[in-house]
Amino acid sequence: MIIAENLRKEFKAKKGEIIQAVKGVSFHVRRGEIFGFLGPNGAGKTTTINMLCTLLRPTSGRALLNGYDVTEQPHSVRRSIGLVFQDPSLDERLTAWENLEFHGMIYGMTRLHRRREIDKILSMVELDKRKDDLVKTFSGGMRRRLEIARGLLHNPEILFLDEPTLGLDPQTRSHIWGYLHQLRKENHITIFLTTHYMDEAENSDSIAIIDHGEIVALGTPEGLKEKVGGDIIYLKAADNKKAAEFVKRTYGYDVKNGGDGISFEVEHGEEFLPSFIKNTDFEIHSVGVRRPTLEDVFLKLTGHAIREESVDFMESIRAHVRVKRRG
Amino acid sequence: MSNNLMGIYTIWLRDLRRFLRDKSRIVGATVQPVLFLLFLGTGLSKGLTISFPGDDQAGYLTFIYPGIIGMSILFTSVFSAISIVWDREVGFLKEVMVAPIARWAVAIGKALGGSTVAMFQGAVMLIFAPLVGVKIGLGTILILIPLMLFVGLSLTSMGIVAAAYMNSMQGFTVIMNFIMLPMFFLSGAMFPISKLPLWLGVLVRINPLTYGVDLLRSATITMNHFSVAVDIGVVGTFGLIMTALAVIMFSRQEG
Ligand SMILES: Nc1ncnc2c1ncn2[C@@H]1O[C@H](COP(=O)(O)OP(=O)(O)O)[C@@H](O)[C@H]1O
Ligand SMILES: [Mg+2]
């Protein structure tokens with residue numbers, strides 16, 4: 001459904017330097033699957049989406065969507081896709097209904113078809129009661145739902161969602177995931193989404209992990225977690241440094257520092273733990289075993305975390321910028 | 001092709017809808033020319049005694065009335081076109097740019113939307129005709145409406161070209177001070193252009209709005225400096241060039 005081959009995008013920055021936003025990514029997305037693009041801020045997710053949806057011309061490389069080439073047949077590509085952008089893109093001075101009407105018209109839907117679909121989609125995203133209100137009066141979550149409804153209105157084969165749940169409350173996030181799963185089941189739509197939330201990426205059938213413009217891993221969530229192998233032991237000690245040295249010396253494991261404790265991989269966590277605790281010669285505050293998460297995969301492959309705190313920081317800046325833009 | 005026509009209609013309809021909904025904008029865009037007309041116009045016509053070429057009955061107020069309609073069309077057209085910059089800032093432009101219609105259709109839809117809005121705003125100004133002693137019959141209105149659309153179209157296209165160079169709404173002051181105000185002052189809207197010093201006369205004659213104002217003046221008070229053919233020729237050529245530029249700029253744009 002989507003084939004990307006060695007897609008690259010360079011931007012010219014102000015001082016003549018060149019930013020390599022996407023450094024040659026290749027991947028396939030099968031019809032009807034949810035494909036997750038997981039990576040930290042600035043990894044090149046939005047740039048990749050913009051190339052796939054014909055908003056940016058690739059510097060080099062090729063992409064086919066629904067069999068159409070993004071540079072040679074942009075019209076056919078646009079007809080096949082629906083989009084939910086990362087940043088807001090509604091006309092706030094029109095009502096919810098008018099925003100959808102505009103979309104239906106510009107996508108060439110007939111009047112009758114358009115009106116029927118608008119009613120259907122508005123009730124799916126639970127905005128039917130607010131359809132005649134100006135978007136200006138909507139909350140962030142309502143706007144997001146309306147944008148998703150709009151992206152789906154013309155019944156696209158592929159839906160792109162760029163960080164669809166960014167900055168939303170957990171309840172709205174789970175609602176949105178409800179719609180997505182329902183869509184996939186009922187309409188067999190292909191979904192391409194980007195996120196930097198690890199738990200969300202778990203909902204995908206396939207995941208590409210992207211960092212600094214390059215895909216560092218590709219596979220199913222389970223397949224990726226198997227790359228980490230075994231279990232993760234995490235522990236907090238009175239002296240974390242001493243604990244790390246002990247683990248390295250005694251077992252030869254690779255120890256990672258994270259937050260206020262340390263963690264390392266072992267093959268069978270539950271069996272390892274009792275003997276480990278008996279052996280230790282230092283004070284342990286807490287210790288536990290867990291299955292590896294995508295976070296661990298990311299950490300292992302890139303050597304750094306998708307740091308939630310820095311993400312939150314970026315989000316707050318972005319939210320601030322959005323507020324300013326809204327003026 | 002049919003989807004491009006539909007796209008043009010959709011973009012046009014949105015501009016119209018937003019215009020009709022925004023009452024405060026209509027009021028604002030009406031008050032400004034009326035202030036010019038009533039205060040500046042009355043003040044100057046009483047304070048100075050000059051005679052005007054052509055119709056000897058025409059007082060200063062009557063003379064500037066079509067010029068003020070031109071001003072109203074200029075400001076409304078450019079302002080509508082500049083809303084593209086606003087659409088870009090709030091992200092709505094992306095929704096239009098990924099739609100399965102040609103970029104030229106987006107530019108044309110926008111140009112038609114802006115000129116229709118400008119025509120409406122110009123028509124609002126016709127209400128004030130009795131105040132300045134101008135009689136406007138149905139025949140005049142029927143001639144004025146296409147003329148206002150025609151002048152509005154060339155000015156909106158000019159605005160779209162300007163919008164392509166603007167990164168943010170902050171650039172609007174630059175457009176205002178370096179394009180709109182000079183165009184207005186140099187258009188002969190407020191003074192006759194027959195007895196100007198050479199340098200001013202040249203500036204006035206290279207200003208396309210001069211011919212637009214002249215056109216409106218010949219339709220409202222049958223007074224004109226150039227022939228109607230020259231007026232239509234200049235405004236039309238200017239409009240064609242600007243529309244072509246607007247289409248080219250939209251087609252080139254990424255994102
Ligand atoms: N229009 C642009 N001009 C210059 N640099 C850009 C532009 N768009 C994105 N970038 C840069 O490209 C990189 C990738 O950005 P982006 O694709 O937005 O990342 P993500 O969506 O994963 O957060 C960043 O370093 C960003 O600063
Ligand atoms: Mg992004």
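Naming convention: chains lettered A, B, ... in sequence-line order (proteins, then strands); numbering from 1 in each chain.
Within the 4.5 Å cutoff, no side-chain heavy atoms of B/Leu13 are placed close to those of A/Phe102. Contact annotation: the side chain of A/Asn99 approaches that of B/Phe92 to within less than 4.5 Å [non-hydrogen atoms, C-beta and beyond]. Between B/Met6 and A/Thr110 there is no side-chain heavy-atom pair separated by less than 4.5 Å.
Atom CG of B/Asn177 has more than 12 neighbouring heavy atoms from other residues, nucleotides or ligands inside a 6.0 Å radius. Heavy atoms from other residues, nucleotides or ligands lying under 6.0 Å from OH of B/Tyr165 number 12 at most. The neighbour count for A/Phe138 CZ, taken as heavy atoms of other residues, nucleotides or ligands under 6.0 Å away, is above 12. Heavy-atom neighbours of B/Phe172 CZ from other residues, nucleotides or ligands within 6.0 Å: above the threshold of 12.
Contacts between A/Asn50 and chain B at a heavy-atom distance below 4.5 Å are absent for every atom of the residue. Of the atoms belonging to A/His154, not a single heavy atom falls under 4.5 Å from chain B. In this structure, the portion of B/Asp22 lying under 4.5 Å from any heavy atom of chain A is its side chain and not its backbone.
Shortest non-hydrogen contact noted between B/Val98 and A/Tyr107 is O-OH, 3.6 Å. In terms of heavy-atom proximity, B/Glu95 sits nearest to A/His103 at OE2-ND1, 2.8 Å. For A/His75 against B/Ile101, the heavy-atom pair with the smallest separation is CE1-C, 3.4 Å. In this structure, A/Ile106 and B/Ala99 approach most closely via the heavy-atom pair CG2-CB, 3.8 Å. The minimum heavy-atom distance linking A/Leu94 with B/Arg18 is given by the pair CD2-CG, 3.9 Å. Closest approach of B/Gly91 and A/Ser89 over heavy atoms only: O-CB, 3.3 Å.
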*Walk me through it: do A/Glu101 and B/Arg14 pass the test salt bridge (Lys or Arg N to Asp or Glu O under 4.0 Å)?*
CA-CA 10 Å; A/Glu101 167 92 343; B/Arg14 168 173 173 254; over 6 Å; no
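Counting heavy-atom pairs under 4.5 Å between each of A/Leu90, A/Asp91, A/Val77, A/Leu83 and chain B puts A/Asp91 at the top.
A donor-acceptor contact shorter than 3.5 Å links the side chain of B/Arg21 to the backbone of A/Arg93.
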